[in-house]
Amino acid sequence: MVSVARQNLLHEKSKVALSISGVVLSVFLIFATLGLYNGIITVVENMTTKSGADLWVTSRGSSGSLHSPSLLNTGIGERLRQIPDVNKVAALIRRPVATTLNGEKVLININGFDTITGLGGPWKMVGGSARPANGEIVIDRVLARKYALRIGGTLALEGKQFKIIGLSDETFNMISYLVFVTADDARSFLPSGLTNFFLVKTAPSADIASVKASITSALPDVSVATADESAQDAKNETVGGFLPIVMVISAVGVLVGILVVGLLVYTMTVEKSQEYGVLRALGSTDGYLYRIVLFQALAVAVLGFAAGAVVSPPLIALIRYLVPEFVVEITVPMVLWSLVLFIATGIIASFIPLRRLSRIDPAIVFKGK
Amino acid sequence: MVRTGSNNEVLIDLQHLKKVYGEGHVAVKAVNDVSLHVCKGEMVAIMGPSGSGKTTLLQMVGGLLRPTSGEVFIAGENITALPEKELPRIRLKNFGFVFQTPNLLAALTALQNVELVMSLSGHNGKASRKSAADMLAQLGLGARLHQKPAQLSGGEQQRVAIARALVNDPPVLLADEPTANLDSQNGRAVMELLQNVSRQKGKTVVVVSHDMRIRYLVDRVLWLEDGRLRLRFAEGMTVDPVCLMVVEKDKTLQVVDYEKERYYFCSAECRREFEKSPEKYKEARLSSRE
């Protein structure tokens with residue numbers, strides 16, 4: 001079959017290339033926005049799901065997120081250890097601290113964890129050791145890069161000097177940086193006899209739901225959640241507010257895509273009105289003409305998407321190198337959803353010249369050029 | 001009503017065809033009560049001055065324009081009674097169009113332009129490509145199959161357009177000023193090609209033209225003026241060779257004798273125009289015998 005649409009696109013290479021560039025920009029915008037959203041979610045979820053604990057014990061009504069205040073008596077730890085199928089129990093102190101670095105106020109979340117069990121410690125390291133001793137600290141890699149902190153150097157938190165022994169990843173959530181110290185060191189940031197959370201590791205053969213029920217029954221004044229439930233709560237509390245912003249920016253990206261593709265197919269329709277009139281006169285149906293426009297719109301949208309999908313990751317990596325806070329995570333489902341979105345973009349854009357197309361009079365061919 | 005041709009099988013039958021543009025006192029009758037039969041294999045030229053309704057008539061015959069009243073029968077089928085969505089099929093099946101400008105698709109090669117029509121009628125693949133190539137080869141374009149329109153001369157483009165019009169083997173070829181944009185040599189070649197198509201392939205060809213030279217190549221010349229067909233000129237009538245208006249010989253004072261022929265004009269302006277370059281217009285002289 002002679003593909004008029006394909007030949008038209010090949011005939012207008014520079015115009016098509018420009019339009020594809022517009023779509024690439026749109027794809028990049030969407031990837032960056034959704035990737036940023038994904039990046040934050042990953043950090044927030046990993047803070048609970050990768051803590052090594054099966055269950056999170058908090059103050060009643062609180063969750064394991066950074067924004068949820070939870071204070072527990074340290075004596076609860078001993079009672080938790082006595083519950084059947086509880087294998088390990090570790091206190092976790094998580095406190096926000098404001099400090100000044102290079103003359104700039106910085107919000108840091110101190111994570112004081114049990115270095116013996118490792119519960120609540122860093123889950124992804126990019127350098128150094130993950131197990132600090134007293135007086136030592138593992139800091140977030142973005143924090144280190146932004147303020148020129150390195151392993152072997154020191155970081156002062158509320159007047160106390162910590163030696164940096166490791167760099168962690170996935171511990172920056174756009175608002176604050178997570179750092180890891182021993183539970184003993186972290187206690188100096190809380191009144192004595194208190195902790196924020198208890199992390200529970202169940203026995204290998206234990207049913208987590210049953211252990212959760214046993215804790216709830218034995219300690220009715222606390223809340224217990226599985227790591228996944230806690231992650232979900234943390235996600236809702238942390239990124240719920242970002243979602244509308246992310247959606248608006250993504251919608252702008254899609255709109256840019258629709259307009260770029262729509263403008264191309266519209267101008268091509270206007271410029272080729274005479275040729276569409278010829279096709280009409282020769283006996284083509286409205287459906288045939290619409291399929292030409294649809295093919296052109298889909299081709300530009302999908303080619304633009306493919307080029308955008310290839311170009312965006314290295315571009316994002318470059319931006320991330322230049323701006324460490326740009327924590328973006330591109331996932332396969334996100335890419336697939338974006339592809340669906342851009343196919344829809346092509347289809348919607350193909351409607352833009354539809355009215356113009358339907359009004360092309362085949363008798364135009366008798367008017368000459 | 002006219003009824004002639006190589007046989008009596010009527011292919012195009014126009015019944016009291018009328019096309020009026022506008023309404024009330026601004027209404028213009030572009031075609032006014034035209035009835036006509038064109039037989040199978042016949043080659044007919046419709047001539048007349050600018051604005052006489054030639055192209056409007058051709059558009060109605062080809063199912064590209066709805067008449068205000070009257071009917072168009074093609075091979076016995078009343079196409080004016082058909083709904084709009086049926087007309088593309090009718091055009092595809094019955095007509096090959098040759099326009100004033102070749103109207104080739106710029107992005108397609110000569111071969112693809114011809115093959116496109118086969119594709120529209122549902123014929124795809126190697127066989128249709130071969131048919132298109134054969135058709136172009138028959139018209140002397142065998143070596144130009146893969147050239148795009150911009151790489152072809154005006155005459156070659158018009159031959160591609162004729163190949164496109166013929167490739168689906170339609171019974172009727174409608175040509176609107178097919179020589180208008182060509183030099184005299186290419187114009188004659190195109191008209192001879194259309195004549196061959198009519199003679200050898202038995203196609204019915206209707207040509208709309210200003211070009212008086214084509215009258216020697218067609219079976220019949222129909223004169224359209226003010227939307228009405230004049231079958232032949234009455235005694236004492238002739239055509240102003242400049243504007244192609246019909247002139248009554250004894251009612252005009254604008255007369256010029258040139259190379260032993262007498263020419264009549266509708267106005268002094270046309271006479272002066274003729275006197276500036278008589279060679280340009282002398283071919284257009286139409287005697288009352290025609």
Side-chain angles (χ1 to χ4, degrees), chain A residues 1-17 19 264-265 267-297 299-300 303 353-355 357-369, chain B residues 54-56 58-60 62-66 84-109 111-125 128-129 132 148-150 161 164-165 167-168 170 174 176-177 180-181 208:
Chain A
M1 180 181 173
V2 176
S3 171
V4 177
R6 190 178 62 232
Q7 295 300 331
N8 279 349
L9 290 176
L10 291 172
H11 197 64
E12 304 275 0
K13 286 190 190 84
S14 0
K15 198 182 289 176
V16 170
S19 301
L264 174 78
V265 289
T267 53
M268 282 181 83
T269 303
V270 172
E271 284 170 9
K272 299 223 173 259
S273 291
Q274 179 85 11
E275 293 194 354
Y276 287 128
V278 172
L279 286 168
R280 272 245 164 95
L282 294 178
S284 73
T285 58
D286 284 356
Y288 183 87
L289 297 185
Y290 174 66
R291 285 198 297 279
I292 292 175
V293 174
L294 178 66
F295 178 92
Q296 288 171 173
V300 172
L303 285 175
L354 208 56
R355 192 157 168 263
L357 198 65
S358 66
R359 289 166 64 183
I360 293 173
D361 181 0
I364 194 174
V365 293
F366 288 98
K367 292 181 180 136
K369 283 182 181 172
Chain B
K54 303 186 298 292
T55 299
T56 302
L58 198 73
Q59 287 175 7
M60 289 192 287
L64 291 162
L65 187 67
R66 293 264 182 201
E84 199 66 40
K85 65 177 184 182
E86 282 291 307
L87 293 178
R89 179 186 61 82
I90 292 292
R91 290 199 288 269
L92 203 53
K93 187 178 110 188
N94 293 297
F95 303 112
F97 290 96
V98 180
F99 311 108
Q100 182 176 343
T101 49
N103 275 317
L104 301 176
L105 272 59
L108 304 188
T109 62
L111 181 64
Q112 287 168 333
N113 264 289
V114 178
E115 197 187 345
L116 172 68
V117 184
M118 301 202 73
S119 171
L120 288 175
S121 56
H123 299 103
N124 293 305
S128 69
R129 192 160 303 134
K148 289 194 172 168
R164 181 177 65 184
V167 75
N168 258 355
L174 300 177
D176 180 49
E177 305 278 7
N181 289 349
V208 156

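Side chains are part of it too, since the values below use all heavy atoms of this structure and drop only hydrogens, waters and symmetry mates.
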### Message
Could you measure the distance from the CZ atom of B:Arg129 to the CG atom of B:Asn124? Nearest 0.5 Å is fine.
### Response
9.0 Å
## Note on the structure
Those residues of residues 90-99 of chain B that come under 4.5 Å of chain A on a heavy-atom basis, listed by number, are B:Arg91, B:Leu92, B:Phe97, B:Phe99
#### Entry: chain A contacts, top residue of B:Asn168, B:Leu64, B:Leu58 (heavy-atom pairs, under 4.5 Å)
B:Leu64
### Message
Is there a side-chain contact between A:Val278 and B:Arg164 in this structure, where contact means two heavy atoms from C-beta onward sitting under 4.5 Å apart?
### Response
yes
### Query
Any donor-acceptor pair under 3.5 Å linking the side chain of B:Ser119 with the backbone of B:Glu115?
no
### Message
List the residues meeting side chain to side chain contact (heavy atoms under 4.5 Å, CB included) with A:Ser284, not counting sequence neighbours, and say none if there are none.
### Response
A:Leu279, A:Tyr288, A:Leu289, B:Leu120
### Message
Looking at B:Leu108, is its backbone amide N or carbonyl O close enough to the side chain of B:Asn113 to form a donor-acceptor pair, meaning the two atoms are under 3.5 Å apart?
### Response
yes
### Task
Calculate, to the nearest 0.5 Å, the distance between atoms CG and OG belonging to A:Leu9 and A:Ser3 respectively.
8.0 Å
### Query
Which atoms of B:Ala180 come close to chain A, meaning under 4.5 Å heavy atom to heavy atom: side chain ones, backbone ones, both, or neither?
neither
### Query
With only heavy atoms counted, which part of B:Lys85 is less than 4.5 Å from chain A, the side chain, the backbone, both or neither?
neither
### Query
Sub-3.5 Å donor-acceptor pair from the side chain of A:Lys15 to the main-chain atoms of A:Glu12, do we have one?
no
### Task
May I ask you to decide whether A:Asp361 forms a salt bridge with A:Arg280, counting only side-chain N to carboxylate O separations under 4.0 Å?
no
### Message
Need one label for B:Leu87: side chain, backbone, both or neither, based on atoms under 4.5 Å from any heavy atom in chain A.
### Response
neither
